[in-house]
Every structure is written in C-alpha cells, then in structure tokens.
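Structure first, then comments.
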Amino acid sequence: MTSPLLESDLALARVLLAGPGPALVLTGAGISAESGVPTFRGAGGLWRRHRPEDLATPEAFARDPRLVWEWYEGRRTALRGCNPNPGHIALARWMLSRPDITLVTQNVDRLHEQAGEQVGADDARTHPVRLHGTIDQNRCTACEYVAEHPGPSDTSSQATLPRCPQCGSLLRPDVVWFGEMLPEAAVTRATETAQCATVCLVVGTAGAVYPAAGFAKIVYRKGGALIVVDPGDTAFDPIATVKLRGEAGRVLPELLRAGGVEVSVSST
Ligand code: NAD
Ligand code: ZN
C-alpha cells in the first residue's frame, strides 16, 4: 500500500481534468492489476520459466505455436474470473459525463468495456481505442479471417491447435505482439487525440512500450498537462505535471469522484 495522496496534488489534478479541451486517457496493464490480471513486469508477472517478451512475438509463434497457444489459453482462463475494479468503474462514469474524452488502452482484456456495461451504458464513449488488440478474438495467420475465441482449445499438440475455417492455416490470438505493427486506425485516432488534448491521464503503464508511451509525450510536447497514476516509478514521472502515486482502484475514484470532476471556482 502506498502512502496517502497529497490533497494539493489531488486538487491540482482535478482542476487540470476539469479544464476545457479534449482529454486523452492512456491505460496499461496496471489498471487491471487489482482485478487480478498480472502485469508483465511486476511481481507475479512471470509465467513459469518464460518471459512474456519471449512468448508474445511472431518468432516465438513460428518456433513453437503450441507453447504460445498454451500461454494464451492460460491467460484467457485467468481472465474469465476477473471483473472491472473501482478504477475501471470510476473512469467509465467520468467518460459518460463528458463527450470529449478518448480512452486509449494497451490492454487486451475487456475490462474497460465491462465497466461501461456495469455503469449502465454499453456506450461507445466508454469503449477504448485498442492499440494492442483483444485477447478474446483470434485471427488467421494467412487470410483475413477474424472471430471471437470460441472457448477452451486443445493445446496438447500442434496438430490440435485451432485452424482457420476458411483456409486451414493456424489461428492466432488477435493481439499485437512485440515487434509487430499496431492497427493503423487505432494509431491514427490516438495520434489525433494526443495532438489536440489539453490533458493526458496516464494510468498503470510503465511507459516502456512504444508507440503507446509516445501518445502521452505528444500531449506534453504540445503544452498539455500530464497526470500520472501509478504506485511505481514510470518513464513519465520526470515530465508529469502531477504524479499521484497509488493504485488505480484507490486513486481514480478519489480523483474523479462519482460521475465527474467537480471543481468549485470561487467568484470574488
Ligand atoms: P507494464 O507491466 O510495463 O507496467 C505496468 C505498470 O502498472 C507499472 O508501472 C506498475 O507500477 C503499474 N501498476 C501496478 N499495479 C498498479 C495498480 N494497482 N494501479 C496502477 N498502476 C499499477 O505494462 P504496460 O506498460 O501496460 O505494457 C506491457 C504490455 O503488456 C502492454 O503492451 C499490454 O498490451 C500487455 N499486457 C496487458 C495486460 C492486460 O490486458 N490486462 C496485462 C499484462 C500485459
Ligand atoms: Zn485463413
């Protein structure tokens, strides 16, 4: 548990978030940590003897598709029992209170969407721009076929791995692996938002993965404010206008209050 937040930091962050102009929210693995989804680099972020950076790559899949499939099946199974935490919920409520917030996530879980549903709106405003795809879908390694992941797969041997119903090639999770291109439409939307945002709220990302980290830096370079919510050190800390050192599930509800950022301006 991190120490209590400074009231002055919270107050400044609330003023910045309530200011005019579009807001960009950039989330990473950390926002889902309190939902029980491990981050890649934190404690418990290792899977058996393998590092995710050695499995979530096209080379790993070419070398041993069965091992990569097995890893993803494990991650999918773990995700099935996870629910949005108060951080996801506070964010979804805040996004419904304003039309000019764009949420860009590196996460491949669906916890942002589920939070939107839980606050009573399966509303496009609560849907994130997905930079790294979604773990609930598969796509073909050879053709354009994409489909929801149908459920547990037999990963006991390469011969039993799921195959494309259209062309018979191996299916793979519809996520972006290290070293792969990001979906162009998502990058375009994130870039456009970053270029006009007056504030960027960064939650639960160490800032080591590009181009995702670059979107927050665009906002900073254009003169926008940067608010960082993370219990650990991040690459954004040196340029943050406000660092709120704490877990997303504790800080975001406090920061965003129920429904929106309320700022009282005294008229003298
Ligand atoms: P990262 O593992 O590099 O960093 C996670 C960050 O979250 C760290 O800075 C850590 O201090 C912080 N954190 C830990 N607990 C937190 C909490 N309770 N509240 C707020 N912050 C907390 O993750 P990353 O920078 O997002 O990038 C790693 C890549 O891994 C991404 O590309 C992403 O696609 C993928 N990934 C996704 C998921 C998911 O979908 N939930 C999970 C693991 C990894
Ligand atoms: Zn195919």
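FYI, the numbering just counts along the sequence from 1. Ligands are counted one by one from 1 in listed order, and the atoms in each one are counted from 1 as well.
- Within the structure, ligand 1 has P38 among the residues with a heavy atom less than 4.0 angstrom away.
- In this comparison of E34, R110, Q106, the heavy atom closest to atom 33 (C) of ligand 1 sits on Q106.
- Within the listing of ligand 1, atoms 39 (C), 40 (O) sit less than 4.0 angstrom from a heavy atom of V108.
- Residue S32 approaches ligand 1 through these ligand atoms, each under 4.0 Å from one of its heavy atoms: 41 (N).
- The structure places CZ of R14 at 9.5 Å from CG of L17, a figure rounded to the nearest 0.5 Å.
- Side-chain N or O atoms of S35 include one that pairs as donor or acceptor with a backbone N or O of N83 at under 3.5 Å.
- Atoms of ligand 1 lying under 4.0 Å from at least one heavy atom of V37, given by number and element, are 41 (N).
- Note: L91 CG to L111 CG = 12.0 Å, rounded to the nearest 0.5 Å.
- At under 3.5 Å, a nitrogen or oxygen of A248, whether backbone or side chain, sits near a nitrogen or oxygen of ligand 1.
- Less than 4.0 angstrom separates some heavy atom of G28 from each of these atoms of ligand 1: 26 (O).
- Look at P231 and you'll find a heavy atom under 4.0 Å from some atom of ligand 1.
- Between the SG atom of C143 and the SG atom of C140, the angle taken at the Zn ion (ligand 2) works out to 110° after rounding to 10°.
- Among the atoms of A33, none of the N or O lies under 3.5 angstrom from an N or O of ligand 1.
- With a 4.0 Å heavy-atom cut-off, ligand 1 is reached by the backbone of A29 and by its side chain too.
- E70 has no carboxylate O lying under 4.0 Å from a charged side-chain N of R76, or vice versa, which leaves the two without a salt bridge.
- Under a 4.0 Å N-O distance rule, the pair E73/R66 does not qualify as a salt bridge.
- Residue V203 places every heavy atom at 4.0 Å or more from ligand 1.
- Close contacts between ligand 1 and G232 involve ligand atoms 11 (O) [criterion: under 4.0 Å to a heavy atom].
- Geometry note: the Zn ion (ligand 2) is the vertex, C164 SG and C167 SG are the arms, and the angle is 110° (rounded to 10 degrees).
- On a distance-only criterion, F178 and ligand 1 share no N/O pair closer than 3.5 Å.
- Salt-bridge annotation for R250 and E247: present, with a side-chain N of the basic residue lying under 4.0 Å from a carboxylate O of the acidic one.
- Here is the list of ligand 1 atoms found below 4.0 Å of a heavy atom in A206: 3 (O), 4 (O), 6 (C), 9 (O), 25 (O).
- The cationic group of R172 does not satisfy the cation-pi geometry with W69, failing either the under 6.0 Å distance to the six-membered ring centre or the 45° limit from the ring axis.
- Look at D233 and R245 and you find a salt bridge, because one of the NZ, NE, NH1 or NH2 atoms lies within 4.0 Å of a carboxylate O, short of that distance.
- By the 3.5 Å distance cut-off applied to N or O atoms, T234 is not counted among the residues near ligand 1.
- Residues Y72 and L171 share a hydrophobic cluster, clusters being chains of Ile/Leu/Val/Met/Phe/Trp/Tyr side chains in contact below 4.5 Å.
- The shortest N or O to N or O distance between E247 and ligand 1 is not under 3.5 Å.
- Criterion: ILVMFWY side-chain heavy atoms under 4.5 Å apart, direct or through other members. Under it, L161 and W177 are part of a common hydrophobic cluster.
- The shortest N or O to N or O distance between I31 and ligand 1 is not under 3.5 Å.
- For T241 (side chain) and I227 (main-chain N/O), no donor-acceptor pair under 3.5 Å exists by modelled atom type.
- Nearest to atom 10 (C) of ligand 1 by heavy-atom distance, out of D109, V229, D230, V209, is D230.
- Between the side chains of T105 and T27, at least one donor N or O lies within less than 3.5 Å of an accepting N or O.
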